Amino acid sequence: MIRLIGSLLMLAITAGGYMFFDYKMSARWASSEDADGLTFTEYLSGLSGRISGLGGSASAAGLPTRLADMMPKPPEGWTVRPAVPEDAEGFLPKERKKVDKKSLSYVQKTATAESGKGVEAVALTYEKGDRKVIIKATRYPNIIFTSFMAMQQRFELQMLSAQFRGTEFMTVRGLDVSEDLLPEGFRGRYFMADVGAQIHLRVLVPKRMADTELVPFFETLHVKAMNASVIDKREGLGEVPVIVLASELDEAARAAYVASLAEREADEATKSQEALTEAEAKAAEEAATEEAGGSLMDRLFGGDEETTTEAETGAGKTEIACKKDKNGVKRCTVEQIVEQ
């Protein structure tokens with residue numbers, strides 16, 4: 001019995017220590033994104049989602065959990081290594097004086113694995129002769145997808161789209177991959193996809209590579225493991241062994257494919273907007289409640305004037321009257337108002 005109590009006590013201490021450490025780390029990340037930081041109440045409201053997310057990953061037995069292990073294996077004849085900024089040079093325009101700097105940065109970032117607090121990123125360069133393919137994956141922290149405080153960041157990640165002109169390209173085991181058609185002068189092709197808006201993929205390939213030559217890279221992308229490692233999982237993603245290449249479809253099949261993509265995108269955008277609206281309404285409601293509570297406390301315990309406050313309760317109206325006596329002590333009486 002004593003051993004059992006000791007074990008339970010040790011478990012409680014360990015769990016409490018973890019929660020304290022996790023809260024401090026979450027609050028530190030939040031303070032860098034929001035001036036008000038993260039309150040303990042907000043932390044608790046997102047804890048259940050974070051725990052369920054961790055449980056989902058753990059229950060997916062045999063699936064990799066590190067982002068680097070989910071990246072594609074090099075196809076036959078190709079080698080792979082960590083990307084360096086210089087790898088992006090061959091995809092940029094030769095003449096750059098008149099090219100927008102944001103456009104250059106947009107492409108150059110693919111070859112860097114820089115990450116912020118709580119962000120995991122990996123960028124790999126695949127090589128075969130003089131050809132290079134750069135694939136980058138970025139996973140954002142769980143707190144963005146479990147806390148109302150970070151709902152705006154979550155919405156922005158959900159709404160990320162092509163910077164120039166997006167077009168359908170491929171669906172890999174349920175994961176939609178689009179191509180962002182780069183401006184004239186760029187010597188590469190740019191592809192993008194996301195898993196639950198939490199993992200973002202960026203792929204940079206030579207302009208002369210045909211669509212079919214890119215299939216071997218996407219074939220070994222571990223979509224199922226990525227889906228298991230995010231908070232907003234999509235049922236069945238990564239489990240269907242089907243790869244659809246848009247350019248290989250006939251006219252009728254492609255029209256149906258494009259319509260299906262548009263429907264999914266519209267549905268996801270609607271859900272994201274509804275979630276943001278709900279979060280903003282809840283935040284406004286909580287702020288109004290706190291303000292009303294603070295105002296009532298001020299009337300009861302602050303100021304020199306006499307005050308009378310009426311409040312609605314489940315039993316009807318309640319009148320709270322406060323008055324200072326000769327000694328400066330404020331006394332309040334509560335009286336139930338019975339309506340005739």
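Everything quoted here is computed from the prediction, not taken from an experiment.
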Practice prompt. Tell me, with the steps shown, if Arg189 and Asp211 meet salt bridge (Lys or Arg N to Asp or Glu O under 4.0 Å).
Written response: CA-CA 10 Å; Arg189 302 177 67 187; Asp211 292 355; 2.8 Å; yes
[atom2] on [Y] to [atom1] on [X], rounded to 0.5 Å:
X: Met151; Y: Gln158; atom1: CE; atom2: CD; answer: 7.5 Å
X: Lys132; Y: Thr125; atom1: NZ; atom2: OG1; answer: 7.5 Å
X: Ser147; Y: Arg154; atom1: OG; atom2: CZ; answer: 10.0 Å
X: Glu86; Y: Gln108; atom1: CD; atom2: CD; answer: 10.5 Å
X: Asp194; Y: Leu175; atom1: CG; atom2: CG; answer: 7.5 Å
X: Leu63; Y: His222; atom1: CG; atom2: NE2; answer: 5.5 Å

Grab the two heavy atoms, one from [X] and one from [Y], that are nearest each other, plus how far apart they are.
X: Ala246; Y: Tyr257; result: CB-CE2, 3.8 Å
X: Val84; Y: Arg81; result: CG2-NH1, 4.1 Å
X: Ala113; Y: Ala121; result: O-CB, 3.7 Å
X: His200; Y: Leu157; result: CE1-O, 3.4 Å
X: Ala123; Y: Ala111; result: CB-C, 4.3 Å
X: Ala137; Y: Met71; result: CB-SD, 3.6 Å

Residues that [X] engages under side-chain hydrogen bond (donor to acceptor under 3.5 Å, both in side chains), provided they are two or more places apart:
X: Glu156; result: Gln152
X: Arg96; result: Glu89
X: Ser178; result: none

Counting N and O atoms only, with roles assigned by atom type, does the side chain of [X] sit under 3.5 Å from a partner on the main chain of [Y], one being a donor and the other an acceptor?
X: Gln198; Y: Asp232; value: no
X: Lys136; Y: Lys109; value: yes
X: Arg173; Y: Glu219; value: yes
X: Asn227; Y: Lys224; value: no
X: Asp180; Y: Arg165; value: yes

Transitive ILVMFWY side-chain link [X] to [Y], under 4.5 Å:
X: Phe218; Y: Val80; value: yes
X: Leu249; Y: Phe191; value: no
X: Val240; Y: Leu261; value: yes
X: Val244; Y: Val195; value: no
X: Leu67; Y: Val223; value: yes

Discussion item. Please enumerate all residues that pass salt bridge (charged side-chain N to carboxylate O under 4.0 Å, His left out) together with Asp130, with sequence neighbours excluded.
Written reply: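 Partners of Asp130 by the salt bridge (charged side-chain N to carboxylate O under 4.0 Å, His left out) criterion, ordered by chain and then number, come out as Arg208.
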Practice prompt. Start with the C-alpha gap between Val215 and Met170, add the side-chain angles, then the distance that decides, and say whether side-chain contact (heavy atoms from CB on, under 4.5 Å) holds.
Written response: CA-CA 9 Å; Val215 173; Met170 174 191 291; 4.0 Å; yes
Discussion item. With a 4.5 Å cut-off on side-chain heavy atoms, are Met209 and Val133 touching?
Written reply: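 Contact flag for Val133/Met209 side chains = yes.
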Worksheet item: So do the side chains of Thr79 and Pro74 get within less than 4.5 Å of each other, counting heavy atoms only?
Response: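 They are not in contact (no side-chain heavy atoms under 4.5 Å apart), so the answer is no.
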Item to complete: Scan Lys128, Lys207, Arg131 and name whichever one has a salt bridge (charged side-chain N to carboxylate O under 4.0 Å, His left out) with Glu213.
Response: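 Result: among Lys128, Lys207, Arg131, Arg131 is the only option passing the salt bridge (charged side-chain N to carboxylate O under 4.0 Å, His left out) with Glu213.
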Worksheet entry | For Leu182, the rest of its hydrophobic cluster, which grows through side-chain links under 4.5 angstrom |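 So far as hydrophobic clustering goes, Leu182 is joined with Phe91, Leu92, Val99, Leu104, Tyr106, Val107, Ile134, Phe164, Phe186, Tyr190, Met192, Leu204.
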Discussion item. Over 60° means perpendicular and under 30° means parallel, so tell me whether Phe217 and Tyr126 are parallel, tilted or perpendicular.
Written reply: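 Plane angle over 60°, so perpendicular.
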Practice prompt. Check the pair Leu221, Leu201 against side-chain contact (heavy atoms from CB on, under 4.5 Å), reporting the backbone distance first and the verdict last.
Written response: CA-CA 10 Å; Leu221 180 68; Leu201 288 167; 3.6 Å; yes
Worksheet item: salt bridge (Lys or Arg N to Asp or Glu O under 4.0 Å): which pairs involve residues 240-258, sequence neighbours left out?
Response: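 Those involving residues 240-258 are Glu168-Arg254.
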